[in-house]
Amino acid sequence: MKVLVTGGAGYIGSHTCKHLLRHGHEVVVYDNLSTGFRELARWGLFEHGDMLDAVRLRECLRRHRPDGVIHFAALSQVGESVREPGLYYRVNVGGTLTLLEAMREEGIPLLVMSGTASVYGQADHMPLAESAPTAPGNPYGATKLAMERMLADFERARGPRWISLRYFNAAGADPDGECGEMHTPETHLIPRAFMAAAGAIPRLELFGDDYPTPDGTCVRDYVHVCDLASAHRLALDYLAGGGSGRIFNLGTGTGFSVRQILDAAQKACGRPIPHSVAPRRPGDPAELVADATRAGRELGWTPAHSSLEEIMNTAWRWFTAQSPA
């Protein structure tokens, strides 16, 4: 298929573009480079454009005539969403509305959306299945849930057909060393642990040590970015085969605490990581662990690269290649 990938110059988007090309698909990357990087838009034809620019987006769809769209383009920092909710609703919800209207007007039938476990909020029971109640505890999660509801509404009103992939914590890097995690500023736990190890920041901050978890720090389900990439291809295949209107969790079913991640990062880099405890961040649930049974059963998806060792080793190799220490 020919696939337009919005946000394809970002972390998960770039890995997915590379994966799609390796499996014979044509790729067009659509990105405004506000949070993405031009050097990560290497896999496919690059089109510079903003999700809120309806004219530009429709022109790209009309010219390239993709068979489907994978939609990554969105803001994704929980803390920032708490401080700037209007920005998140404007970009995430408004951008998705622009995309859906353009796809319907241009007759593009298939859409795979980058979803998030943040839509669940703080649940009482783990692991979380797709049937769990949704109660996002921050504007980021709320905008992603609104995006899913928009997809369902548009499908009932003549399309496109859609899938939302609710992934838990993306981590790791391309084993070939060609792409990896790049954010400005960097807010994610694993790269910040390596930044502290290398002296690029004074210390790693652990946000809260009084959660109702075994060691008091947040527990998350970490899934390798290459496994996420494969899920997007499988979701496209599912849609092409006639499936639609489905939500899939993507995770391993195993949670690791922040302190366990710190220990694993120290093992991977072979040096101590200075750290300190900081106050909790607003909107952070204590635990998020996936039940991804549905993705395995219906998509044939298996997280083949998501051992903590592989996540850490690929992330450390990518970090050292970008910032030799």
Checklist entry - Going through the checks in order, is the salt bridge (charged side-chain N to carboxylate O under 4.0 Å, His left out) test met by R192 and E186? => result CA-CA 7 Å; R192 285 190 66 82; E186 183 56 72; over 6 Å; no
Checklist entry - Distance-only, no hydrogens or angles: does the E106 side chain make a donor-acceptor pair with backbone N or O of R65 under 3.5 Å? => result no
Checklist entry - Is the shortest heavy-atom distance from the side chain of T143 to the side chain of S81 under 4.5 Å? => result no
Next on the checklist: Can you classify the ring geometry of H15 versus Y11 as parallel (below 30°), tilted (30 to 60°) or perpendicular (above 60°)?
Outcome noted: perpendicular
Next on the checklist: Any side-chain to backbone donor/acceptor pair from R38 onto A41? Under 3.5 Å, distance only.
Outcome noted: yes
Checklist entry - So, T134 side chain and V119 main chain: donor-acceptor pair closer than 3.5 Å or not? => result no
Checklist entry - Any side-chain heavy-atom pair from R220 and D284 closer than 4.5 angstrom? => result yes
Checklist entry - If we only count heavy atoms from C-beta on, is the V5 to H25 side-chain gap below 4.5 Å? => result no
Checklist entry - Short question: side chain of R294, backbone of I247 - any donor-acceptor pair under 3.5 Å? => result yes
Checklist entry - Does any non-hydrogen side-chain atom of Y88 lie less than 4.5 Å from one of E80? => result yes
Item to check | Nearest atoms (heavy-atom pairs only) where M51 meets L99 | outcome: CE-CB, 3.7 Å
Item to check | Closest approach of R203 to A196 (non-hydrogen atoms, all atoms of both residues) | outcome: C-CB, 3.9 Å
Checklist entry - Ignoring hydrogens and geometry, is there a side-chain-to-backbone donor-acceptor pair from K2 to H64 under 3.5 Å? => result yes
Checklist entry - Does D210 offer a backbone N or O that forms a donor-acceptor pair with the side chain of R280 under 3.5 Å? => result yes
Next on the checklist: If you define the side chain from C-beta out and look only at heavy atoms, does anything of Y211 sit under 4.5 Å from Q122?
Outcome noted: no
Item to check | pair E84-R90: side-chain heavy atoms closer than 4.5 Å | outcome: no
Next on the checklist: Taking ring-ring contact (aromatic ring centres under 6.0 Å, His included) as the criterion, tell me which of F248, W301, W162 meets it with Y238.
Outcome noted: F248
Item to check | Any donor-acceptor N/O pair, R56 side chain to H48 backbone, under 3.5 Å | outcome: yes
Checklist entry - So which heavy atom on G253 is nearest to which on D221, and how close? => result N-OD2, 2.9 Å
Item to check | N169 side chain near F256 side chain, heavy-atom distance below 4.5 Å | outcome: no
Checklist entry - Do the side chains of Q77 and H183 get nearer than 4.5 Å, heavy atoms only? => result no
Item to check | Closest non-hydrogen atom pair between E155 and P160, with its separation | outcome: CB-O, 3.6 Å
Next on the checklist: Tell me whether N92 contacts the main-chain N or O of L75 through its side chain, where contact means a donor paired with an acceptor under 3.5 Å.
Outcome noted: yes
Checklist outcome for this item: Minimal heavy-atom distance between L250 and A231, with the atoms involved, is CD1-CB, 3.5 Å
Checklist entry - Pick one: which of H71, E101, E148 meets side chain to side chain donor-acceptor pair (under 3.5 Å) with T96? => result H71
Next on the checklist: Does the plane of the ring in H224 sit parallel, tilted or perpendicular to the ring in H305? Use 30° and 60° as the thresholds.
Outcome noted: tilted
Checklist outcome for this item: In terms of heavy-atom contacts, D53 and Y30 come closest through O-OH, 4.0 Å
Next on the checklist: Using a 3.5 Å distance criterion without hydrogens, assess whether the side chain of R42 forms a donor-acceptor pair with backbone atoms of E178.
Outcome noted: yes
Next on the checklist: Between D227 (side chain only) and A304 (backbone N and O only), is there a donor and an acceptor less than 3.5 Å apart?
Outcome noted: yes
Item to check | Worked check of side-chain hydrogen bond (donor to acceptor under 3.5 Å, both in side chains) between R233 and H19 | outcome: CA-CA 8 Å; R233 175 180 57 84; H19 180 85; 2.8 Å; yes
